[in-house]
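A short write-up of the structure that comes next.
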Amino acid sequence: PSKPYIHPTPDTQIFQEDFGEGEFVLQIVDTDVTDFGGNTHEYSDIDVGVVFDESYPQLLNYDTHSIDDANGELTLSFTSIENLNGGEDWETDGRSSIIVTLTDPNGAGSSTKNVAIAVQPVNDQPTMNLIDNIVLDQGETSSTIDISATDADGNDTIQKFQLSFTGDFDDGTAVDIITPGAISTTDLTVVGINDGNGSGRLTITATSDSTFSDNVYVRACDDSGAD
């Protein structure tokens with residue numbers, strides 16, 4: 001009997017951050033299976049062990065494996081870890097590494113193979129704080145809400161807040177605005193959109209005694225453009 005091994009040596013396997021579920025295939029070579037004159041076992045009889053090399057960061061979770069008896073293909077399945085990636089050096093120093101061990105079922109021994117796995121970062125959306133509904137009664141002058149956002153990427157800053165609202169007011173003017181900064185209409189003035197540090201204050205002021213209602217939407221954008 002001879003011990004099974006993986007061939008050829010696999011390239012670095014690449015996943016994107018928050019990929020959910022993913023897999024890749026390695027090829028098992030075992031002459032005890034492919035020698036049709038006297039094979040002693042099937043590919044699926046080979047014991048497979050998978051552990052992470054502790055010399056490298058663990059950026060994903062190993063789930064399970066399967067072996068195709070028809071061709072010796074070993075499929076390894078993984079799940080992502082939320083918001084975890086290899087950073088700026090994801091292709092080199094920021095990689096994970098697993099050690100795959102194949103053990104012959106008839107005592108011929110074991111072989112190991114290291115496989116590098118890279119997790120490519122993606123630009124995550126900032127997360128806004130929850131903002132309650134605001135009701136301005138007729139004759140009431142203003143209401144103020146605080147807004148803030150966080151970015152799962154960590155090294156990004158919240159670049160800006162954008163405000164948008166749509167509606168038809170008493171004078172029949174349709175409003176459709178998406179812009180940071182001071183915004184004025186016949187019936188509504190919005191001021192104080194923050195630009196730079198992840199939090200700000202939004203002031204809504206009624207400038208007439210008209211009764212109106214509308215939806216105001218605020219979204220955050222990080223310095224890489226995700227929103």
Side-chain angles (χ1 to χ4, degrees), residues 1-127 150-157 222-226:
S2 61
K3 59 184 179 182
Y5 59 96
I6 292 172
H7 183 79
T9 298
D11 296 329
T12 298
Q13 306 298 308
I14 299 176
F15 294 98
Q16 281 200 332
E17 175 190 343
D18 296 330
F19 60 89
E21 298 180 351
E23 62 185 29
F24 58 82
V25 176
L26 303 176
Q27 181 62 55
I28 297 176
V29 177
D30 189 341
T31 57
D32 291 339
V33 175
T34 56
D35 180 6
F36 298 104
N39 64 307
T40 58
H41 59 260
E42 303 295 335
Y43 284 113
S44 57
D45 295 325
I46 298 170
D47 182 71
V48 178
V50 179
V51 297
F52 283 90
D53 187 337
E54 295 181 356
S55 302
Y56 299 87
Q58 181 179 338
L59 301 176
L60 67 173
N61 289 322
Y62 168 65
D63 188 14
T64 187
H65 73 271
S66 63
I67 300 177
D68 189 336
D69 270 329
N71 53 25
E73 289 184 344
L74 168 64
T75 301
L76 303 179
S77 301
F78 298 84
T79 54
S80 60
I81 301 175
E82 185 177 8
N83 295 327
L84 200 58
N85 59 71
E88 294 181 358
D89 298 325
W90 65 272
E91 293 182 279
T92 53
D93 297 336
R95 296 181 299 179
S96 288
S97 179
I98 59 170
I99 302 171
V100 181
T101 302
L102 304 181
T103 302
D104 183 82
N106 298 311
S110 301
S111 66
T112 61
K113 181 71 69 174
N114 285 65
V115 182
I117 303 176
V119 179
Q120 182 179 11
V122 298
N123 191 15
D124 293 293
Q125 296 178 341
T127 302
T150 57
D151 195 326
D153 293 327
N155 57 356
D156 288 341
T157 58
D222 66 21
D223 59 2
S224 299

Is any side-chain heavy atom of [X] closer than 4.5 Å to a side-chain heavy atom of [Y]?
X: Thr101; Y: Val50; result: no
X: Asp30; Y: Ser2; result: yes
X: Val115; Y: Leu26; result: yes
X: Lys113; Y: Pro10; result: yes
X: Asp32; Y: His41; result: yes
X: Ile6; Y: Leu102; result: yes

Going by side-chain hydrogen bond (donor to acceptor under 3.5 Å, both in side chains), name the residues that satisfy it together with [X], two or more places apart in sequence or in a different chain.
X: Ser110; result: Thr103
X: Thr12; result: Arg95
X: Glu17; result: Asn85

Check: Within a radius of less than 6.0 Å around NZ of Lys3, do more than 12 heavy atoms belonging to other residues, nucleotides or ligands occur?
Finding: no

Item checked: Counterpart residues, side-chain contact (heavy atoms from CB on, under 4.5 Å), relative to Ile67 (two or more places apart) -> Ile28, Tyr43, Val48, His65, Leu74

Margin query: Which residues pass the side-chain contact (heavy atoms from CB on, under 4.5 Å) test with Gln16, not counting sequence neighbours?
Written below: Gln120, Val122

Next item on the list: Can you run down the side chain to side chain donor-acceptor pair (under 3.5 Å) pairs that involve residues 68-84, sequence neighbours left out, and say none if there aren't any?
Entry: Ser44-Asp69

Check: If every non-hydrogen atom of Gly87 is compared with every non-hydrogen atom of Pro121, which pair is closest and at what distance?
Finding: O-CG, 3.6 Å

Item checked: Where Glu42 and Val33 come nearest, the two heavy atoms and their spacing -> C-CG2, 3.8 Å

Note to self: Going by ring-ring contact (aromatic ring centres under 6.0 Å, His included), name the residues that satisfy it together with Phe24, two or more places apart in sequence or in a different chain.
What the structure shows: Phe78

Item checked: Non-neighbouring partners of Phe15 that pass ring-ring contact (aromatic ring centres under 6.0 Å, His included), sequence neighbours left out -> Phe19

Next item on the list: Quick one: which residue pairs count as a ring-ring contact (aromatic ring centres under 6.0 Å, His included) with a foot in residues 82-109, not counting sequence neighbours?
Entry: none

Next item on the list: Give a yes or no answer on whether the side chain of Asp89 reaches the backbone of Thr92 with a donor-acceptor pair at less than 3.5 Å.
Entry: no

Check: So how far is it from Ser96 OG to Ile98 CD1, rounded to the nearest 0.5 Å?
Finding: 9.5 Å

Check: If you round to the nearest 0.5 Å, how far is NE2 of His7 from OG of Ser111?
Finding: 12.5 Å

Under 3.5 Å, which donor-acceptor pairs link side chains of residues 53-60 to any protein atom two or more places apart or in another chain?
residue : atom : partner : partner atom : Å
Asp53   : OD1  : Ser55   : N            : 3.0
Asp53   : OD1  : Ser55   : OG           : 3.2
Gln58   : NE2  : Leu60   : O            : 3.1
Gln58   : NE2  : Asn61   : OD1          : 3.2

